[in-house]
Visitor: 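Below: one structure in structure tokens.
The figures that follow rest on heavy atoms only: side chains count, while hydrogens, waters and symmetry mates do not.
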Amino acid sequence: MNRFLCLTLFISVLLLSCKEKSAPESGRVVNPYATDSVYGEVKERLSKEPDNPDLWYHLADLYDRNGLYAEEVEALKKVIELRPDMGYAYFKMGTACNRLGRYDDAIANFKKAMRYMLDNPVLYNNLAMAYSKKGMRDEEIKALKKAISLRQNYATARFNLGIAYLKAGNRSAALEQHRRLSEIDQGMAELLKKEIDGGKR
């Protein structure tokens, strides 16, 4: 059994045991990923294996699950330092930077991720969101088209593309995305139609 699989099993068992131990009497749901013992176990293992990129990645994942995006970025920097060819670490870094409002950093990391994840439609959708925040409409539309070319039924990307066309003043292109979206996801299609009919862009 390889080291990464062993580590994944270890984290899973640890999380389950923490969930059982932390069941509150009040009936309130506790996030098993947020307990000090979970962080403590991973950090303790890191103190013994500081050059283990899998452990750093699991720590970054814990931070991500708890909305600690600045801490996630720092952990992912260590992952990338130890394993610079791990494309998904750049992808996660870009997503975390997006959430922190660090759009230039997000774009840079998504572009690095592309070297390893050329066929990942979610990457291009998330890249488009960073371009959107920067007001880079042409780049946003191009990234969303790429996402859709990789996954024709990618409803979120089609919705985002419709919104991007609206922002660019191209109502007919937005309506075409609505038509295509209505074949995939009726709820999202209705939301897009409301934007087209009444949303001011």
Side-chain angles (χ1 to χ4, degrees), residues 1-25 28-134 136 139 143 146-147 150-151 156:
M1 189 178 295
N2 68 40
R3 222 172 50 164
F4 184 77
L5 183 56
C6 286
L7 181 61
T8 302
L9 289 171
F10 165 78
I11 295 291
S12 299
V13 169
L14 178 64
L15 292 175
L16 286 172
S17 66
C18 287
K19 188 171 186 180
E20 289 168 6
K21 290 173 187 173
S22 62
E25 293 177 14
R28 186 173 56 86
V29 176
V30 171
N31 179 358
Y33 300 105
T35 62
D36 289 340
S37 61
V38 174
Y39 286 110
E41 288 286 345
V42 176
K43 288 178 179 179
E44 184 181 344
R45 288 202 61 187
L46 273 169
S47 70
K48 297 171 185 171
E49 301 178 60
D51 294 331
N52 185 327
D54 296 329
L55 280 172
W56 282 106
Y57 187 85
H58 279 289
L59 181 62
D61 187 56
L62 287 171
Y63 286 138
D64 179 68
R65 291 170 185 267
N66 290 288
L68 300 170
Y69 303 122
E71 292 84 348
E72 179 187 5
V73 165
E74 292 307 309
L76 287 168
K77 283 180 183 176
K78 191 66 179 175
V79 174
I80 290 165
E81 176 189 321
L82 294 166
R83 192 181 291 168
D85 62 344
M86 188 176 179
Y88 205 71
Y90 295 107
F91 170 80
K92 294 283 283 181
M93 178 88 81
T95 302
C97 287
N98 253 355
R99 290 168 172 160
L100 290 167
R102 292 167 46 184
Y103 304 117
D104 288 328
D105 290 338
I107 291 165
N109 278 286
F110 286 134
K111 286 184 175 179
K112 288 174 185 174
M114 282 180 202
R115 299 175 197 162
Y116 311 98
M117 304 170 64
L118 277 173
D119 298 330
N120 188 309
V122 180
L123 183 143
Y124 291 96
N125 181 73
N126 290 8
L127 172 62
M129 296 305 93
Y131 283 140
S132 175
K133 294 293 186 179
K134 296 276 296 175
M136 301 169 70
E139 291 86 349
K146 178 68 176 178
L150 292 168
R151 186 187 297 166
T156 301

Visitor: At their closest point, which heavy atom of Ala130 faces which heavy atom of Ile107, and how far apart are they?
Guide: CB-CG1, 3.6 Å

Visitor: Does the side chain to side chain contact (heavy atoms under 4.5 Å, CB included) test come out yes or no for Glu71 and Leu59, once each step is laid out?
Guide: CA-CA 9 Å; Glu71 292 84 348; Leu59 181 62; over 6 Å; no

Visitor: Mind checking the OG-CG spacing from Ser47 to Leu55? Nearest 0.5 Å is all I need.
Guide: 10.0 Å

Visitor: Does Asn125 have any side-chain hydrogen bond (donor to acceptor under 3.5 Å, both in side chains) partners at least two apart in sequence or in another chain, and if so, which?
Guide: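 Asn125 satisfies side-chain hydrogen bond (donor to acceptor under 3.5 Å, both in side chains) with Asn160 once adjacent residues are dropped.
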
Visitor: Taking salt bridge (charged side-chain N to carboxylate O under 4.0 Å, His left out) as the test, write out the residues that go with Lys43, two or more places apart.
Guide: none

Visitor: Quick one: pull up CG in Asn98 and OG in Ser132 and give me the separation to the nearest 0.5 Å.
Guide: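 The OG atom of Ser132 is 10.0 Å from CG of Asn98, to the nearest 0.5 Å.
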
Visitor: Which residues pass the side-chain hydrogen bond (donor to acceptor under 3.5 Å, both in side chains) test with Lys78, sequence neighbours left out?
Guide: Glu81

Visitor: Under 3.5 Å, is there a donor-acceptor pair between the Tyr57 and Asn52 side chains?
Guide: no

Visitor: Under the side chain to side chain contact (heavy atoms under 4.5 Å, CB included) test, which residues partner Ala89, sequence neighbours left out?
Guide: Leu76, Val79, Ile80, Met86

Visitor: Is it the case that the side chain of Thr95 and the backbone of Phe91 share a donor-acceptor pair, with hydrogens and angles ignored and the cut-off at 3.5 Å?
Guide: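 Pair found, side chain donor or acceptor close to backbone of Phe91.
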
Visitor: Is there a side chain to side chain contact (heavy atoms under 4.5 Å, CB included) between Glu72 and Leu62 once you walk through the steps?
Guide: CA-CA 8 Å; Glu72 179 187 5; Leu62 287 171; over 6 Å; no

Visitor: Taking distance alone, no hydrogens or angles, what donor-acceptor pairs closer than 3.5 Å link side-chain atoms of residues 110-120 to residues at least two apart or in another chain?
Guide:
| residue | atom | partner | partner atom | Å |
| --- | --- | --- | --- | --- |
| Tyr116 | OH | Pro84 | O | 3.3 |
| Asn120 | OD1 | Val122 | N | 2.9 |
| Asn120 | OD1 | Leu123 | N | 3.1 |

Visitor: Would you give the length of the straight line joining atom NE2 of His58 to atom CZ of Arg45, rounded to the nearest 0.5 angstrom?
Guide: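 Rounded to the nearest 0.5 Å, the NE2-CZ separation comes to 9.0 Å.
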
Visitor: Quick one: ring pair (Phe, Tyr, Trp, His ring centres under 6.0 Å) partners of Tyr69, sequence neighbours excluded?
Guide: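 Checked Tyr69 against ring pair (Phe, Tyr, Trp, His ring centres under 6.0 Å); zero matches.
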
Visitor: Tell me, please, which residues at least two apart from Lys133 pass side chain to side chain contact (heavy atoms under 4.5 Å, CB included).
Guide: Tyr103

Visitor: Using side-chain hydrogen bond (donor to acceptor under 3.5 Å, both in side chains) as the criterion, list what pairs up with Arg102, not counting sequence neighbours.
Guide: Asp105

Visitor: For Glu139, what residues pass the side-chain hydrogen bond (donor to acceptor under 3.5 Å, both in side chains) criterion, not counting sequence neighbours?
Guide: none

Visitor: Please check this pair: side chain of Trp56 against backbone of Leu46, looking for a donor-acceptor N/O pair closer than 3.5 Å.
Guide: no

Visitor: Applying salt bridge (Lys or Arg N to Asp or Glu O under 4.0 Å), which residue pairs with at least one partner in residues 87-100 are found, sequence neighbours left out?
Guide: Asp64-Lys92, Asp64-Arg99

Visitor: Which atoms form the tightest heavy-atom contact between Val73 and Ala96, and what is the distance?
Guide: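 Nearest pair, atom of Val73 first, then Ala96: CG2-CB, 3.8 Å.
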
